Amino acid sequence: MVEAGAWWTLLAAPALLLGFAVLAVTADAALTARDAGRPVTVSAAMRPLLAVPRALVAQPRRMPAPDRMLWRAGVVSVPVAAVLSTLVTPFGNVAVADLSVGVVWFNAMEVMTWAGLWLAGWGPNAAFSLVGGYRFLAQGPGLRASADVRVTSGRRSAGT
């Protein structure tokens with residue numbers, strides 16, 4: 001059984017993640033400089049980190065014509081799918097809806113979440129949100145397949 005960590009792990013996990021990200025960016029910059037024939041120095045390795053403040057204060061990139069209906073439909077459908085998926089989630093021995101369709105319903109609401117996130121990325125016609133929506137759709141099948149195998153094998157072993 002998994003046990004909860006101490007209170008300080010709540011702060012250590014994001015700090016560790018940030019440290020690994022900085023290490024990856026600086027190592028990539030150093031290897032790129034070496035491959036280009038430039039000397040590998042500390043300033044060459046740290047140069048990509050100087051772009052972070054500029055990116056934080058830069059104006060957002062937007063395309064000329066956002067599709068507001070798609071944008072709103074995507075933003076609204078994600079929390080709606082979350083609420084609807086909880087209808088079949090058992091809390092102890094109690095669930096709001098019939099559990100005989102629970103797995104199918106939950107999967108359908110997850111697909112609705114995928115569609116909503118993609119629409120929320122497509123609607124504003126912004127480059128970054130569209131790329132984020134596409135990334136979510138690309139990663140979804142791999143994550144979903146493993147979850148489906150776990151759920152299906154658990155239900156088959158339980159004889160339901």
Side-chain angles (χ1 to χ4, degrees), residues 1-86 89 103-104 106-156:
M1 181 172 215
V2 178
E3 294 183 23
W7 66 269
W8 56 266
T9 58
L10 183 64
L11 301 174
L16 190 62
L17 182 63
L18 180 65
F20 282 140
V22 168
L23 179 66
V25 168
T26 55
D28 180 60
L31 292 174
T32 302
R34 185 188 71 181
D35 289 344
R38 296 188 308 262
V40 178
T41 61
V42 173
S43 65
M46 296 295 178
R47 187 166 319 207
L49 298 177
L50 298 176
V52 172
R54 274 183 276 149
L56 289 174
V57 297
Q59 293 295 318
R61 297 181 186 180
R62 295 186 60 140
M63 300 301 201
D67 189 342
R68 297 198 189 284
M69 187 179 78
L70 286 181
W71 194 0
R72 289 179 180 145
V75 169
V76 168
S77 67
V78 173
V80 167
V83 170
L84 291 176
S85 67
T86 60
T89 305
V103 174
V104 176
F106 193 85
N107 287 343
M109 292 307 106
E110 188 168 5
V111 169
M112 188 172 150
T113 302
W114 291 359
L117 286 172
W118 185 77
L119 289 174
W122 182 273
N125 273 347
F128 294 128
S129 59
L130 182 58
V131 169
Y134 278 136
R135 286 183 65 198
F136 185 78
L137 285 175
Q139 294 171 353
L143 299 172
R144 189 69 235 149
S146 63
D148 284 343
V149 167
R150 287 192 308 266
V151 168
T152 305
S153 62
R155 289 186 58 88
R156 291 188 115 206

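Quantities reported herein were computed from a predicted structural model and do not represent experimental measurements. Note that the numbering runs from 1 along the sequence shown for the chain.
When every heavy atom of Ala44 is checked against every heavy atom of Pro39, the shortest pair comes out as CB-O, 4.2 Å.
In this structure, CG on Leu18 lies 11.0 Å from CG on Leu23, to the nearest 0.5 angstrom. Rounded to the nearest 0.5 Å, atoms OG1 (Thr86) and CZ (Phe106) are 9.0 Å apart.
Residues satisfying the side-chain contact (heavy atoms from CB on, under 4.5 Å) criterion with Ala115, sequence neighbours excluded, are absent altogether. Residues forming a side-chain contact (heavy atoms from CB on, under 4.5 Å) with Leu70 (at least two apart in sequence, or on another chain): Asp67, Leu119, Trp122. For Val111, the side-chain contact (heavy atoms from CB on, under 4.5 Å) criterion is met by no residue, not counting sequence neighbours.
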Contacts under 3.5 angstrom, residues 74-82 side chains, donor-acceptor by atom type, not counting sequence neighbours:
| unit_1 | atom_1 | unit_2 | atom_2 | d |
| --- | --- | --- | --- | --- |
| Ser77 | OG | Ala73 | O | 3.1 |
| Ser77 | OG | Gly74 | O | 3.1 |

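Listed by first then second residue, pairs satisfying side chain to side chain donor-acceptor pair (under 3.5 Å) with a partner in residues 16-39 number zero, not counting sequence neighbours. Contacts classified as side chain to side chain donor-acceptor pair (under 3.5 Å) and involving residues 43-58 (residues at least two apart or in different chains) are given here: Thr41-Ser43.
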